[in-house]
Amino acid sequence: MLAQTGGAAAAAHEPPSHGKAHLGKAVLITTAVLWLLDWVSTSRLGAREALGTAAWVSAVLGALTVVAHRLDTQRTPVWRQLLTLALTAGIASSLIHLAALLLVQALPDAFAEGPRQTFGATAVVGFFDGDALFGFWALLVELPRRIGAERRLEQERHALRQEAELARIRAALEPHFVLNTLNTIAGLVTEEPREARDLIGTLGDLLRDAMQESRRHHHTVREEVSWLRGFARILESRHVGRLAFEWDVDRSAEDCVVPALLLQPLLENAVHHGALRRPGRGRVALRIAHNADRLRCTVEDDGPGFDPGSARPGGRGLDLVRRRMALESAHASLRIDAKPGRTRVEIALPKRSA
C-alpha cells in the first residue's frame, strides 16, 4: 500500500535561502546595534570585544533558528513554542558566557583584567542576555518568516479555491456532460417518461448548485453526499447496466464538515478509470465513517487498477485532492491501495462539525 500525506507546513515552506537571508540580516543588525551601544557606553570598542559579541550573537541566533524550524507549529501551543525558544536562547547564551569565562581563566596572560564574575553570576547574566537577544531574533527573523509563510499559504489557498470552483463547474456544465445527459433524457422520454422526468430534475439540481452565486468552501457530509448521489444518478443513466454505486455513510457523520466537492474527483476517477474499464458491470462504493477525532472517506472501485506512482495523462483529480487536503490541515492524509480488481482511495481529515 502506498501512503501519501501532506501538511500545510510543507505547502508553505519557504526556500532555504530565504531563511538564511533572514538569519544573516538579524546577525548583522543585532551585532551592529550591540557594537554601537558598547561604543556609546564605554567610548571604545576593541577588536576582541567586537569579535566576541559577533560570535555570541551568531551562536545564539543560530541555535534559535534551528530549534524554531524543528518545532511542530501545528500541534504545539504558542505558549510552549515561546517558552521553548526563550529557554533555548537563555541556555545557549549562558553556555557561551561560561565558555568565555573559562577562556579568560585558562589564558590569564591574554586577559590581564581576569574574570570579573563568578560562574553562577555569569550563567544568570548570560541567560537574561540571551532572552533579550531572543526578542531581537523574533522581530528580525521569526516574525517575517511566519508572515511570509502565511502569505504564501493564503495565496495558494485562494488559487486552489478558484481551481476547485472551476472543477466543480466543469463537472456539471461541460458541454459534453450536459449534451450526453440531454441525449439520454431524449431517449427515455417516450419509453421511460418517469425516468426522463427524474433525470431532468437531477440535472437541474446539479446545475442550480453549480451556478448559485453564494458558494461556500465547505459542505457538511450530508450535502456532499447528496450532490454526489445526483452526479452518480446521471452517470448510471448514461451507462445503463454498466455501473452500480454503493453508499455506506455513517448517519452520525452527516453533520461533519468537508471541503466542498472534495470527493467528486475521486468518484469520477473511480467511474471512468475503474468501473467502466472492466467488462460487464462495474461497481463504485463510497464509505464515510468517523471516530473520536478523524473523519474517513473511502472511494473504491473494482476496475483494473493503476500504478499510484505514475500520473494518468491529463489527470489532475488526485493531485487537486491531495493539495486541497494539505492546505486544509497538517494532519490530513490520503492513501491509495491499487491492484488489479480493486482500487481503494482513502482520505482522513480531522473531524469538524458544522
To the nearest 0.5 Å, what is the distance between SG on C256 and CZ on R294?
12.5 Å

So do R324 and L262 actually touch side chain to side chain, heavy atoms under 4.5 Å?
yes

Going by chain and number, the hydrophobic cluster around V124 (ILVMFWY, side chain to side chain under 4.5 Å) further includes F128

Could you check whether any side-chain heavy atom of F245 comes within less than 4.5 Å of a side-chain heavy atom of R283, counting everything from C-beta outward?
no

Heavy-atom side-chain proximity of V60 to F134 below 4.5 angstrom:
no

State, to 0.1 Å, how close A59 and I96 come at their nearest heavy-atom pair, and which atoms those are.
CB-CD1, 3.3 Å

Do S329 and P350 have side-chain heavy atoms sitting under 4.5 Å apart?
yes

Output yes when D337 and R342 qualify as a salt bridge under the 4.0 Å nitrogen-oxygen rule, no when they do not.
yes

Between R233 and E195, does any side-chain N to carboxylate O distance fall below 4.0 Å?
yes

Look at R287 together with E346 and state whether they make a salt bridge at an N to O cut-off of under 4.0 Å.
no

For a quick check under 3.5 Å, do R80 and T84 share a side-chain donor-acceptor pair by atom type?
no

Can you measure from CD1 (I91) to CZ (F127) and round to the nearest 0.5 angstrom?
6.5 Å

Point-to-point distance, once rounded to the nearest 0.5 Å, from CZ of R344 to CG of L266:
12.5 Å

Spacing of CD belonging to E300 relative to CG belonging to D248, to within rounding of 0.5 Å:
11.0 Å

Taking all heavy atoms of H290 and all of D250, pick out the closest pair and write down the distance.
CD2-OD2, 3.8 Å

Check ion pair D302-R278 (N to O, under 4.0 angstrom):
yes

Does L71 belong to the same Ile/Leu/Val/Met/Phe/Trp/Tyr cluster as L82, with side-chain heavy atoms less than 4.5 Å apart forming each link?
yes

Supply the atom-to-atom distance L83 CG to T88 OG1, rounded to the nearest 0.5 angstrom.
9.0 Å

